[in-house]
Amino acid sequence: MRRGVTPAIGSRIVEVVRPRCSRKPIEIRPSLSAFRRRVRGATITGLARAGKRVVIWLDTEEAIVVEPRMTGLLLVVDPPTQEHLRWRLVLEGGSLGEMSYWDRRGLGSVRLFNRNEFQESFGPDRLGPDALGITAAVYRQQLGDSKREIKPALLDQRAVAGIGNLYASEILFVAGIHPQRRCSAMNHRQWQALSAATRSVLAEAIRYEGSTLGDGTYRNALNRQGGYQNHHRVYDRAGEVCGDCRSSRICRMVQNQRSTFYCSRCQKRTGARLA
DNA sequence: CCCCAGTCCTGCGGGC
DNA sequence: TGCCCGCAGGACTGGG
């Protein structure tokens with residue numbers, strides 16, 4: 001998502017539009033009028049990521065932070081439906097005419113922050129080190145003393161930023177670690193396997209432009225489907241034979257009210273696959 | 001510290 | 001066929 005909107009760098013914001021959409025408006029802070037006053041005429045200087053959020057930096061030293069949650073899309077082309085189009089930036093002076101935020105469920109948000117507010121909301125106290133560059137040492141530093149089970153811990157954005165429910169299952173499978181393994185019981189080899197699996201699974205998923213699941217919602221900034229769903233090893237595959245051991249069937253269980261998928265043969269409660 | 005249930009929403013697939 | 005229920009890529013809050 002972030003890579004797809006990088007062509008917006010250098011463009012100037014002419015207007016902020018909240019399209020007439022038949023759904024309840026998503027959260028936009030501050031109010032639309034204040035938002036407009038602060039960003040009109042500003043130039044986009046950079047596009048960054050803060051965990052799962054896209055950060056649009058402006059030459060005013062303020063940042064528009066888009067948090068797509070489950071079904072939000074940041075688009076540089078026409079959205080899938082007008083009905084769920086929630087917010088739009090009209091741009092000029094660059095290669096893009098506009099940038100849109102589309103969200104079917106509407107759980108996401110678009111918020112404007114100054115530097116201090118940004119630091120408070122997305123500083124190290126609120127957001128852990130980024131998962132894409134995680135190392136065994138950093139994993140152990142963030143989670144090594146925790147008595148929690150590893151899978152719910154991977155979803156804790158304060159511990160490590162950027163891992164969602166789908167990828168937590170995929171990462172643990174590749175690492176060969178059981179989702180109920182306690183963090184504090186993990187050995188050096190397991191942290192090593194986990195960090196290597198985190199980097200490789202996420203890099204692969206990004207290469208395939210993400211996972212477009214059954215409802216077809218997720219799209220990249222060009223409204224194109226991802227391809228990683230065809231490479232899922234365990235997610236949403238309960239009952240299927242494991243592609244690695246070819247003998248056990250993939251299991252589904254619930255941890256902290258969220259689905260976890262795993263292979264009980266490939267992911268033992270102790271030990272780890274070689275990193 | 002950590003878990004749990006509930007909350008914000010829409011849409012879908014399955015069971016009856 | 002139609003309706004109701006449960007569930008979904010997330011994050012946050014209050015209670016225990």
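Atom set for the values below is all heavy atoms of this structure, side chains included, hydrogens, waters and symmetry mates excluded. Each chain gets a letter, A, B and so on, in the order the sequences are listed, and its residues count up from 1.
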Subject >> Strand contacts (DNA chain B) in residues 75-83 of chain A, 4.0 angstrom heavy-atom criterion >> reply: none

Original post:
So does A/Glu62 pair up with A/Arg38, basic N to acidic O under 4.0 Å?
Top reply: yes

Original post:
Nearest-Å distance, CG (A/Asn165) to C1' (C/dC7)?
Top reply: 12 Å

Subject >> Base-contact (B) and sugar-phosphate-only (S) positions in nucleotides 11-16 of chain C, heavy-atom cut-off under 4.0 Å, - elsewhere >> reply: BS----

Original post:
Under 4.0 Å: is that the gap between some side-chain N or O of A/Ser259 and OP1 or OP2 of C/dA8?
Top reply: yes

Original post:
When rounded to the nearest 0.5 angstrom, what is the spacing between CG in A/Leu172 and CZ in A/Arg233?
Top reply: 12.5 Å

Subject >> Whole angstrom value for the distance that separates P of C/dG10 from CG of A/Asp103 >> reply: 13 Å

Subject >> Residue pairs involving residues 156-171 of chain A (criterion salt bridge (charged side-chain N to carboxylate O under 4.0 Å, His left out); sequence neighbours excluded) >> reply: A/Arg148-A/Asp156

Subject >> Euclidean distance, A/Asn220 CG relative to A/Thr212 OG1, rounded to 0.5 Å >> reply: 8.0 Å

**OP:** Kindly give the heavy-atom pair with the smallest separation between A/Val76 and A/Gly4, and that separation in Å.
**Re:** CG1-O, 4.0 Å

Subject >> Interatomic distance, A/Gln267 atom CD to A/His178 atom NE2 [nearest 0.5 angstrom] >> reply: 7.5 Å

Pull out every protein N or O sitting under 3.5 Å from an N or O of nucleotides 2-4 of chain B, one pair per line with the distance.
{"unit_1": "B/dC2", "atom_1": "OP1", "unit_2": "A/Ser146", "atom_2": "OG", "d": "3.0"}
{"unit_1": "B/dC4", "atom_1": "OP2", "unit_2": "A/Asn256", "atom_2": "OD1", "d": "3.0"}

**OP:** Could you measure between the two P atoms, the one in B/dC4 and the one in C/dC7, and give it in whole Å?
**Re:** 15 Å

Subject >> Partners meeting side chain to side chain donor-acceptor pair (under 3.5 Å) with A/Arg69 (sequence neighbours left out) >> reply: A/Glu67

**OP:** Tell me the stems DNA chain B sits in, counting at least three consecutive Watson-Crick or G-U wobble pairs, each under 3.5 Å on both distances.
**Re:** B:2-8 with C:10-16, B:10-16 with C:2-8

**OP:** Look at A/Tyr235 and C/dG9 and indicate whether a side-chain polar atom (N or O) is within less than 4.0 Å of OP1 or OP2.
**Re:** yes

Subject >> Nearest-angstrom distance from the residue atom CD of A/Glu27 to C1' of B/dT7 >> reply: 13 Å

Original post:
Looking at residues at least two apart in the chain, or sitting in another chain, which of them share a ring pair (Phe, Tyr, Trp, His ring centres under 6.0 Å) with A/Phe261?
Top reply: A/Tyr235

Atom pairs under 3.5 Å: protein N/O with N/O of nucleotides 4-6 of chain C:
none

Subject >> 5' priority, DNA chain B, between A/Pro25 and A/Gly214 [closest heavy atom] >> reply: A/Pro25

Original post:
For atom C1', what is the distance between B/dA5 and C/dG6, given to the nearest Å?
Top reply: 16 Å

Original post:
In terms of heavy-atom contacts, does CZ of A/Arg40 have more than 12 from other residues, nucleotides or ligands at under 6.0 Å?
Top reply: yes

Original post:
Residues in side chain to side chain donor-acceptor pair (under 3.5 Å) with A/Arg36, at least two apart?
Top reply: A/Glu15

**OP:** Decide, yes or no, whether a salt bridge links A/Glu240 with A/Arg249 under the criterion of side-chain N to carboxylate O below 4.0 Å.
**Re:** no

Original post:
Taking CG from A/Asp236 and C1' from B/dC12, how many angstroms apart are they, rounded to a whole number?
Top reply: 13 Å

Original post:
Which is true for A/Arg86 with a 4.0 Å heavy-atom rule: it touches a base, it touches only sugar-phosphate, or it touches nothing?
Top reply: nothing

Original post:
Given atom CG of A/Leu107 and atom P of B/dG11, what is their separation to the nearest angstrom?
Top reply: 12 Å

Subject >> P spacing across the pair B/dG6 / C/dC5, given as an integer number of angstrom >> reply: 15 Å

**OP:** Could you walk me through whether A/Ile150 and A/Gln190 pass the side chain to side chain contact (heavy atoms under 4.5 Å, CB included) test, one step at a time?
**Re:** CA-CA 11 Å; A/Ile150 183 64; A/Gln190 288 183 307; over 6 Å; no

Original post:
Considering residues at least two apart in sequence or located in another chain, which fulfil the side chain to side chain donor-acceptor pair (under 3.5 Å) criterion with A/Thr260?
Top reply: A/Lys151, A/Gln255

**OP:** Any pair with a residue in residues 124-157 of chain A that passes ring-ring contact (aromatic ring centres under 6.0 Å, His included), sequence neighbours left out, goes on the list, sorted by first then second residue, please.
**Re:** A/Tyr139-A/Trp191

**OP:** Output every pair passing ring-ring contact (aromatic ring centres under 6.0 Å, His included) with a member in residues 51-83 of chain A, not counting sequence neighbours, ordered by first then second residue.
**Re:** A/Trp57-A/Phe118

Original post:
Can you tell me how far P of C/dC7 sits from CZ of A/Phe261, to the nearest Å?
Top reply: 11 Å

**OP:** With syn defined as a glycosidic angle within 90° of 0 and anti as everything else, classify C/dG9.
**Re:** syn

Original post:
Quick one: A/Arg23 CZ to B/dT10 C1', roughly how many Å, whole number?
Top reply: 7 Å

**OP:** Supply the atom-to-atom distance A/Trp87 CH2 to A/Met99 CE, rounded to the nearest 0.5 angstrom.
**Re:** 6.5 Å

Original post:
Looking for any heavy atom pair under 4.0 Å, which part of the strands does A/Gly106 touch: base, sugar-phosphate only, or nothing?
Top reply: nothing

**OP:** Describe, in one word, how the ring planes of A/His232 and A/Tyr167 are oriented to each other, choosing from parallel (under 30°), tilted (30 to 60°) and perpendicular (over 60°).
**Re:** perpendicular

**OP:** Look at the side-chain N and O atoms of A/Arg105 and state whether any lies under 4.0 Å from the OP1 or OP2 oxygen of B/dT7.
**Re:** no

Original post:
Starting at NE2 of A/His84 and ending at C1' of B/dC12, how long is that distance when rounded to a whole Å?
Top reply: 13 Å

